K.L.:
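Provided herewith is a single structure, encoded as structure tokens, for subsequent inquiry.
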Amino acid sequence: MPAATQSRSRNTILVSAADHDRLSSLARAFLDRAPDMAEDLLAEMDRARIATEAAMPADVVRMGSTVTLQDPEGSIQRVTLVYPAEADIAEKRISVLTPLGTALIGARAGRTVSWRSRDSRVLSSTIDAVEPFRRAP
């Protein structure tokens, strides 16, 4: 079953053209190594609405975004969505090829995202805030 649950699949996601191209290529490259995760990410890219960089709202989760999440019990965590080579759980940098990362890409602040854990539990969190990645000048 895909990382995203049915409630997520009814919601439109928005992805920049650059992220869409890079993530689609990444997922295809990982089909042999991590087929389930790669297929989930490809499914998300297939259903994404693609926008230009200039048209991307600030509250949409993109690559490099730092996201504040609140789970149903009220626990809050901040994670940054990154490519696999940049992932570091100790630093709260979550790979887009994880179930949580795939669930976050393209979602907006205020939305509840759901995903399956490695032990097949369905987990969910609400996106409280999205801080866009800012490159150093």
Side-chain angles (χ1 to χ4, degrees):
M1 174 179 252
T5 65
Q6 283 185 338
S7 62
R8 163 119 170 139
S9 65
R10 285 191 296 248
N11 295 317
T12 301
I13 64 170
L14 186 64
V15 178
S16 72
D19 279 351
H20 186 273
D21 289 346
R22 191 163 177 201
L23 292 172
S24 295
S25 294
L26 174 73
R28 285 190 296 274
F30 271 80
L31 279 170
D32 288 337
R33 290 182 269 176
D36 291 343
M37 296 287 32
E39 288 172 9
D40 287 346
L41 184 55
L42 281 172
E44 290 298 277
M45 292 302 99
D46 284 347
R47 75 182 190 88
R49 201 173 95 227
I50 302 168
T52 64
E53 296 293 322
M56 288 296 294
D59 68 343
V60 171
V61 179
R62 303 173 64 175
M63 295 308 299
S65 294
T66 297
V67 183
T68 303
L69 300 167
Q70 183 171 10
D71 70 19
E73 290 77 40
S75 295
I76 295 175
Q77 67 173 327
R78 287 181 80 227
V79 299
T80 301
L81 187 62
V82 298
Y83 290 96
E86 302 162 343
D88 183 341
I89 195 68
E91 296 291 323
K92 302 287 186 185
R93 292 193 308 256
I94 305 298
S95 170
V96 70
L97 279 177
T98 63
L100 173 57
T102 298
L104 287 173
I105 191 70
R108 294 184 91 139
R111 179 168 292 168
T112 299
V113 294
S114 300
W115 66 96
R116 287 204 181 270
S117 66
R118 293 185 196 274
D119 62 0
S120 296
R121 291 179 297 138
V122 175
L123 304 174
S124 67
S125 286
T126 300
I127 300 170
D128 285 342
V130 177
E131 300 167 37
F133 174 74
R134 301 209 190 282
R135 286 184 168 73

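Note that the structure is predicted; figures quoted are calculated from it, not measured. Just so you know, residue 1 is the first one in the sequence shown, and it goes up from there.
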K.L.:
Would you call Met45 and Leu26 a side-chain contact if the rule is heavy atoms closer than 4.5 Å?
P.N.:
no

K.L.:
Ignoring hydrogens and angles, state whether a donor on the side chain of Thr126 or Gln70 is under 3.5 Å from an acceptor on the partner side chain.
P.N.:
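Not at all, the side chains of Thr126 and Gln70 share no donor-acceptor pair under 3.5 Å.
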
K.L.:
Could you check whether any side-chain heavy atom of Val60 comes within less than 4.5 Å of a side-chain heavy atom of Val130, counting everything from C-beta outward?
P.N.:
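Side chain of Val60 against side chain of Val130, heavy atoms only: no contact under 4.5 Å found.
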
K.L.:
Which pair of non-hydrogen atoms, one from Ile50 and one from Ala17, has the smallest distance, and what is that distance?
P.N.:
CG2-CA, 3.6 Å

K.L.:
Is there a side-chain contact between Leu31 and Leu42, using heavy atoms and a 4.5 Å cut-off?
P.N.:
yes

K.L.:
What heavy-atom pair brings Gly64 and Thr80 nearest, and what distance separates the two atoms?
P.N.:
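For Gly64 versus Thr80, the nearest heavy atoms are O-CG2, 3.7 Å.
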
K.L.:
Surrounding CG of Asp32 (heavy atoms of other residues, nucleotides or ligands, distance under 6.0 Å), is the total greater than 12?
P.N.:
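Count not over threshold, so no.
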
K.L.:
Would you check if the side chain of Ser65 reaches a backbone N or O of Val67 as a donor-acceptor pair within less than 3.5 Å?
P.N.:
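Such a contact is absent between Ser65 side chain and Val67 backbone.
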
K.L.:
Of the options Ile94, Thr98, Val96, Val79, which is the one that meets Leu104 in a side-chain contact (heavy atoms from CB on, under 4.5 Å)?
P.N.:
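With Leu104 as partner, side-chain contact (heavy atoms from CB on, under 4.5 Å) holds for just one option, Val79.
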
K.L.:
Any chance CZ of Arg22 has more than 12 other-residue heavy atoms, nucleotides or ligands included, within less than 6.0 Å?
P.N.:
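Incorrect, the count does not exceed 12.
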
K.L.:
Which atom pair, heavy atoms only, marks the closest approach of Arg33 to Ala29?
P.N.:
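In terms of heavy atoms, the two residues are closest at NH2-O, 3.6 Å.
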
K.L.:
Decide yes or no for Val113 and Val61: does some side-chain heavy atom of the first lie under 4.5 Å from some side-chain heavy atom of the second?
P.N.:
no

K.L.:
Should Pro99 and Ser117 count as side-chain neighbours, where that means a heavy-atom distance under 4.5 Å?
P.N.:
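No, side chains not in contact.
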
K.L.:
Using every non-hydrogen atom in the two residues, find where Ser16 and Met56 come nearest and quote the distance to one decimal.
P.N.:
N-SD, 3.5 Å

K.L.:
Might you point out which heavy atoms bring Thr12 and Arg111 nearest each other, and give the distance in Å?
P.N.:
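So the two residues come closest at O-NH1, 2.8 Å.
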
K.L.:
Is there side-chain contact between Leu81 and Ile105, with heavy atoms separated by less than 4.5 Å?
P.N.:
yes

K.L.:
Check Ala27 against Ala38 and note the closest heavy-atom contact, atom names and distance.
P.N.:
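In this case the closest contact between Ala27 and Ala38 is O-CB, 3.2 Å.
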
K.L.:
Mind checking whether Asp71 and Leu123 have side chains closer than 4.5 Å, heavy atoms only?
P.N.:
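Side-chain contact under 4.5 Å: no.
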
K.L.:
Report yes if the side chains of Arg108 and Ile127 come closer than 4.5 Å at any heavy-atom pair, otherwise no.
P.N.:
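They are not in side-chain contact.
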
